[in-house]
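Here's the structure, in structure tokens; my notes come after.
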Amino acid sequence: MLNGTTGHIADIRSHCDESPDAEIDIATLAGIITCSRETFDRSDGGIDLAYAVTSYAVQGSTNDVSTSAIGPSTNRSELYVDITRGRFQNQLFGTRPVTDVNEAGAGLPRLASELVPVLQTRLSRSDARTALALDPAARHSANYAQGRTLAGLHAARHRGEGDPYLDAAIGRAEAAVRRIAEHEPPTNIDRVLPPCPRSPHLAARWRATVADVAVYLATVQPRTRPDQGGLPGVIGSRAEVSDPSRWDEIAQSLRSTAADIVLRELVDHLRRYDEHDVALVVQRRPDWLVHHIESRVEAGTLPGLDLGRFGAVVRDVERWRVEHDLVDRTDADGPLGPVPDDARLRAERTQLQRRLVTRARPESGRSIA
């Protein structure tokens, strides 16, 4: 049940008023919702009766008859919403402050001398500022950007065009690209990023990264290679862009965002299967593990990563690093260090290296995808 959902009580099941097993069925537009006592009991937060809601809550709704309460603090926007909700009739009830509680009709406003002038005053003015008042240059920047893409606007900046509204037009165009990217992510973005995670802060990070990629693509318009995996298939080749530093910035954003999401998903998975020791290692974000995930992003082998198998590999790699005194070292030979002279250890290292670089097949219910 979402906040603001309305419905009618269809059934009540209870042996007594205080029964902890009491339930009510609420008929909503989405169907019947069954609520237990701990859900609807007012002492625990509960469900409000829907006969009285705020002006904000009824925006967009239409009723046969609308009844609204207005007072000295009612502003123009609230009053407008209140008197436009009824299809056939809109009723207003007004209140006023009184000093004498014994006054006849205390709390009821006098229609001619108080209520009507207040309504006229409220409706005749508004403290809200229009978009044009907030930004007088909005119309000029919109006209300047008309018929120009974001890439075209940036090209005008590079040519040194001195229009005072150019920067504002670029800002508006970038904001539009970001809004679109939230619903239509760039093509092939799933080759380098896991799906949007459930964690709120990581979801926000994911959306920001996707928006940055969309702005980069709309600005630079690189030649992407859909037949090639990894970063070139999403943001093009570094060698072919005019601003390699910008490519590096976007590429690193993709790598770090993907690494943060995978590490969080991996920690949650390991804890779910009582692998708390390994989860603690992952939570410390060892450099080799972050680098390994980022290299998978670079190569396009991150999608379909099986968390169960990958967690087992991380556990065995860490065990190897402890046994060979590599915990505090960053070795040029990778996380497994140099090749040992002993044949048995060399074979063990080779097998571990193969497990580390091989892309595992996703299994149902265990993949991050």
Side-chain angles (χ1 to χ4, degrees), residues 148-155 157-158 170-171 173-266 285 287-307 309-310 356-362 367-369:
R148 299 195 185 194
T149 64
L150 182 56
L153 292 172
H154 277 279
R157 174 186 282 174
H158 291 317
I170 291 176
E174 288 187 353
V177 171
R178 290 179 178 275
R179 288 194 298 270
I180 293 174
E182 184 172 349
H183 304 285
E184 299 178 14
T187 304
N188 298 328
I189 194 71
D190 56 346
R191 294 186 179 184
V192 294
L193 275 184
C196 185
R198 298 186 185 92
S199 174
H201 77 280
L202 286 177
R205 172 86 174 276
W206 186 93
R207 287 191 291 267
T209 299
V210 169
D212 289 342
V213 172
V215 170
Y216 171 81
L217 294 175
T219 303
V220 179
Q221 295 182 326
R223 185 175 64 180
T224 58
R225 302 177 179 178
D227 58 328
Q228 188 173 358
L231 294 178
V234 180
I235 58 176
S237 172
R238 184 182 188 276
E240 297 177 356
V241 298
S242 58
D243 187 358
S245 62
R246 178 65 174 146
W247 189 96
D248 292 339
E249 180 182 346
I250 293 298
Q252 184 54 38
S253 177
L254 286 167
R255 295 189 199 101
S256 61
T257 299
D260 288 345
I261 294 174
V262 172
L263 290 173
R264 171 62 183 270
E265 296 280 353
L266 185 57
R285 301 173 61 89
D287 292 339
W288 76 265
L289 181 55
V290 175
H291 175 73
H292 176 72
I293 297 173
E294 291 181 349
S295 66
R296 278 180 171 265
V297 175
E298 189 85 31
T301 60
L302 186 65
L305 179 68
D306 183 88
L307 292 177
R309 296 182 181 180
F310 189 54
L356 189 62
V357 300
T358 300
R359 178 181 179 182
R361 296 179 181 177
S367 171
I368 64 171

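Position 1 is the first residue of the sequence; numbering continues from there.
The two residues Ser253 and Ser256 come nearest to each other via the heavy atoms O-OG, 3.2 Å. Across all their heavy atoms, Leu356 and His292 have their closest contact at O-CE1, 2.9 Å. A pairwise comparison of heavy atoms in Ala181 and Ala214 identifies CB-CB, 3.6 Å as the closest pair. The shortest heavy-atom contact between Pro186 and Val213 is CG-CG1, 4.0 Å.
Side chain of His154 to main chain of Thr149: no donor-acceptor pair is present (N/O by atom type, distance under 3.5 Å, no hydrogens or angles). Thr219 places a side-chain N or O within 3.5 Å of a backbone atom of Val215 that can act as its donor or acceptor partner. Between the side chain of Trp247 and the main chain of Glu240, no donor-acceptor pair closer than 3.5 Å is present.
Legend: residues meeting salt bridge (charged side-chain N to carboxylate O under 4.0 Å, His left out) with Glu182, ordered by chain and number and at least two apart, are absent. Partners of Glu174 by salt bridge (charged side-chain N to carboxylate O under 4.0 Å, His left out), not counting sequence neighbours: none found.
No side-chain N or O of His201 forms a donor-acceptor pair with one of Arg205 less than 3.5 Å apart.
Here the side chains of Leu289 and Phe310 are in contact, with some heavy-atom distance below 4.5 Å. Within the 4.5 Å cutoff, the side chain of Thr224 has no heavy atoms near those of the Ile235 side chain. Considering only heavy atoms from C-beta on, Arg264 comes within 4.5 Å of Leu202 through its side chain. The shortest side-chain heavy-atom distance between Leu302 and Leu305 falls under the 4.5 Å cut-off. With a 4.5 Å cut-off on side-chain heavy atoms, Val210 and Arg178 do not count as touching. For the pair Trp288 and Ile293, the minimum side-chain heavy-atom distance is 4.5 Å or more. Using a 4.5 Å heavy-atom threshold, the side chains of Asp260 and Arg285 count as touching.
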Quiz: residues 188-198 side-chain donor-acceptor pairs under 3.5 angstrom, not counting sequence neighbours:
{"from": "Asn188", "atom 1": "ND2", "to": "Gly233", "atom 2": "O", "distance (Å)": "3.4"}
{"from": "Arg191", "atom 1": "NH1", "to": "Pro226", "atom 2": "O", "distance (Å)": "2.5"}
{"from": "Arg191", "atom 1": "NH1", "to": "Gln228", "atom 2": "O", "distance (Å)": "3.1"}
{"from": "Arg191", "atom 1": "NH2", "to": "Pro226", "atom 2": "O", "distance (Å)": "2.7"}

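Rounding to the nearest 0.5 Å places CD1 of Ile250 at 11.0 Å from CZ of Arg255. Rounded to the nearest 0.5 Å, atoms CZ (Arg179) and CD (Glu184) are 13.0 Å apart. To the nearest 0.5 angstrom, Leu153 atom CG is 6.5 Å from Arg148 atom CZ. Rounded to the nearest 0.5 angstrom, Arg207 CZ and Thr257 OG1 are separated by 12.5 Å. Expressed to the nearest 0.5 Å, how far CG of Leu266 lies from CD1 of Ile261 amounts to 13.5 Å.
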What verdict does the side-chain contact (heavy atoms from CB on, under 4.5 Å) test give for Tyr216 and Val241, after you've listed the backbone C-alpha separation in whole Å, the side-chain angles of each residue and the deciding distance to 0.1 Å?
CA-CA 11 Å; Tyr216 171 81; Val241 298; 3.5 Å; yes
Full working for side-chain contact (heavy atoms from CB on, under 4.5 Å) between Thr187 and Leu217:
CA-CA 10 Å; Thr187 304; Leu217 294 175; over 6 Å; no
